[in-house]
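Residue numbering restarts at 1 for every chain, and letters A, B, ... go by the order of the sequence lines. The figures that follow rest on heavy atoms only: side chains count, while hydrogens, waters and symmetry mates do not. Remember, predicted model here, so these are calculated numbers, not experimental data.
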Amino acid sequence: MTTPLSHYLVFSAMLFSIGFAGAVLRRNAVLVLIGLELMLNAANLNFIAFWRYGAHPGALTGVLFTLFSIAIAAAEAAVGLALIIAIYRHRKTIQMDRLDSLKG
Amino acid sequence: MAHEITFYLIALLTLAAAIAAMSLRNLVHCALCAAGAFAGLAAIYLLLNAEFVGFAQFLVYVGAVAILIVFTILLTQGVEMKSSVALVSPSWLTGLAITGLMLACIVAPILASPSLHRSAPPNIAAPVKKIGEELMTGCILPLETVGLLLTAALLGAVVIAMSDKPPFQPKTAGNPPRRETQEEVSLR
């Protein structure tokens with residue numbers, strides 16, 4: 001285990017940025033959701049890395065927090081994709097910039 | 001040394017898969033690349049001695065979330081995207097600038113901090129038995145809450161995605177009167 005902790009953190013930051021770029025730039029709602037999932041995964045990787053390199057690894061807090069985070073992310077993905085399907089049924093499009101009914 | 005090489009290889013593959021998932025035109029290819037990125041992250045969890053989290057990640061993300069995403073793609077607009085449709089929103093330059101700024105703001109403190117360059121203490125593991133005991137004693141309230149949340153999310157997803165129309169419409173007696181088509185109107 002000679003890889004320093006900072007390499008894991010930089011990798012996680014790059015993954016977070018890729019997910020953020022996808023969520024901000026792409027017009028398709030499904031891809032926005034995939035970007036959100038990538039950002040959540042980057043945060044989970046930080047939890048695990050800090051647990052592994054931390055001062056009290058016997059406490060298992062990072063592992064438990066990641067498990068709960070994965071469960072909540074799964075629920076979020078299910079509800080988000082159901083919302084996308086409902087929006088598609090009403091508006092016949094999932095392009096984000098055409099869903100602007102609330103725009104003043 | 002082998003550990004380092006493995007980490008860099010997996011990290012490179014994961015980043016490439018994530019970039020492909022965010023930039024390809026075919027939506028099913030995007031979903032497959034996202035599944036590849038999730039699998040790479042599961043491998044990194046295994047590399048960090050968090051076996052249970054790695055397998056949970058593999059089951060939940062590669063197994064369930066990827067399938068959900070593919071289902072959503074196929075239930076909405078389908079795979080085909082016309083090449084004339086723009087991939088990114090019109091203000092993509094601003095978004096890219098904000099992304100770059102954010103990445104710099106995260107990475108610069110990480111590289112500047114001397115305490116983050118330490119290497120890992122050896123022989124650290126998270127055995128499944130210990131995780132289970134911890135979940136069932138210290139974390140019992142969060143565990144129950146997550147169970148409730150998953151149930152509510154499942155019901156909510158079904159209710160949201162359910163069609164408004166009743167799925168079965170009884171046939172009315174006799175056929176409705178046939179309307180003239182456009183061709184017949186023009187012939188007349």
Do you know which two heavy atoms are closest between B:L150 and A:A75, and how far apart they sit?
CD2-CB, 3.9 Å
Side-chain donor/acceptor of B:R118 to backbone N/O of A:L5, under 3.5 Å:
no
Going hydrophobic residue to hydrophobic residue with side-chain gaps under 4.5 angstrom, can you get from B:I110 over to B:M102?
yes
Using the rule that two of Ile, Leu, Val, Met, Phe, Trp, Tyr join whenever any of their side-chain heavy atoms come within less than 4.5 Å, decide whether A:L36 and A:L40 are in one cluster.
no
Looking at A:E37, A:M96, A:K92, which one has more heavy-atom pairs under 4.5 Å with chain B than the rest?
A:E37
For A:R89, which atoms come within 4.5 Å of any heavy atom of chain B: side chain, backbone, both, or neither?
side chain
Rounding to 0.5 Å, atoms CD1 (B:I19) and CE (A:M14) come to a distance of 7.0 Å
Is it the side chain or the backbone of B:I160 that comes within 4.5 Å of chain A heavy atoms, both, or neither?
both
Side chain, backbone, both or neither: which part of B:I131 has a heavy atom under 4.5 Å from chain A?
both
Do B:I44 and A:F11 have side chains that get closer than 4.5 Å, going by heavy atoms?
yes
Taking the side chain as every heavy atom from C-beta outward, state whether A:Y88 and B:T72 have any pair of such atoms under 4.5 Å apart.
no
Pair count under 4.5 Å, heavy atoms only, with chain A: among B:P142, B:A66, B:A152, B:A37, highest is B:P142
Can you confirm whether B:Y61 sits close enough to A:N41 that some side-chain heavy atom of one is under 4.5 Å from a side-chain heavy atom of the other?
yes
For B:I69 versus A:L81, what's the shortest heavy-atom pair and its separation?
N-CD1, 3.8 Å
About how many Å separate CG of A:L60 and NZ of B:K130, when rounded to the nearest 0.5 Å?
4.5 Å
Smallest heavy-atom separation, B:T99 atom then A:S17 atom, equals CG2-O, 3.4 Å
Leading residue by heavy atom contact count with chain A [cutoff under 4.5 Å; candidates B:A126, B:A56, B:S23]:
B:A126
Looking only at non-hydrogen atoms, find the nearest pair between A:L15 and B:A18 and report the distance.
CD1-CB, 3.8 Å
Could you tell me the separation between the CZ atom of B:R25 and the CG atom of A:N28, rounded to the nearest 0.5 Å?
11.5 Å
Please state whether the side chain, the backbone, both or neither of A:L45 comes within less than 4.5 Å of a heavy atom of chain B.
both
Whatever's closer than 4.5 Å to a heavy atom in chain B on A:L83 counts as both
Among B:L96, B:V107, B:L24, which residue has the highest count of heavy-atom pairs closer than 4.5 Å to chain A?
B:L24
Highest number of heavy-atom pairs under 4.5 Å with chain B: which of A:T66, A:I84, A:L38?
A:L38
Out of A:I72, A:I85, A:T93, A:I34, return the one with the most heavy atom pairs under 4.5 angstrom to chain B.
A:I34
How many angstroms lie between CZ in A:F65 and SG in B:C139, if you round to the nearest 0.5 Å?
10.0 Å
Can you tell me how far the OG1 atom of A:T3 sits from the CG atom of B:L47, to the nearest 0.5 Å?
7.0 Å
Would you kindly confirm whether B:M22 and B:L103 end up in one hydrophobic cluster when ILVMFWY residues are joined by side chain heavy atoms under 4.5 Å apart?
yes
As an exercise: rank A:I48, A:I87, A:V79 by heavy-atom pairs under 4.5 Å with chain B and give me the winner.
A:I48
Among the clusters formed by ILVMFWY side chains lying less than 4.5 Å apart, do A:F50 and A:F68 turn up in the same one?
yes
Taking the side chain as every heavy atom from C-beta outward, state whether A:Y8 and B:L116 have any pair of such atoms under 4.5 Å apart.
no
Let me confirm one number: the CG-CD1 distance from A:N46 to B:I106, rounded to the nearest 0.5 Å.
9.0 Å
Examine distances only and state if a side-chain atom of A:R52 and a backbone atom of B:Y45 form a donor-acceptor pair shorter than 3.5 Å.
no
Under a 4.5 Å heavy-atom cut-off, does chain A meet the side chain of B:Y8, its backbone, both or neither?
side chain
Check step by step if side-chain contact (heavy atoms from CB on, under 4.5 Å) holds for A:V24 and B:W92.
CA-CA 8 Å; A:V24 171; B:W92 61 275; over 6 Å; no
Check B:A21 against A:L31 and note the closest heavy-atom contact, atom names and distance.
O-CD2, 3.4 Å
What part of A:V30 is in contact with chain B, defined as an atom under 4.5 angstrom from a non-hydrogen atom: side chain, backbone, both or neither?
side chain
I'd like to know if B:V146 and B:V128 are part of one continuous hydrophobic network [Ile/Leu/Val/Met/Phe/Trp/Tyr, side-chain heavy atoms within less than 4.5 Å].
yes
Sort A:L9 into side chain, backbone, both or neither according to what part of it lies under 4.5 angstrom from a heavy atom of chain B.
both
A side-chain contact here means heavy atoms from C-beta on lying under 4.5 Å apart; do A:F20 and B:I98 qualify?
yes
Might you point out which heavy atoms bring A:A82 and B:A161 nearest each other, and give the distance in Å?
CB-CB, 3.9 Å
So for B:L143, is it side chain, backbone, both, or neither that comes closer than 4.5 Å to the heavy atoms of chain A?
both
So for B:I67, is it side chain, backbone, both, or neither that comes closer than 4.5 Å to the heavy atoms of chain A?
neither
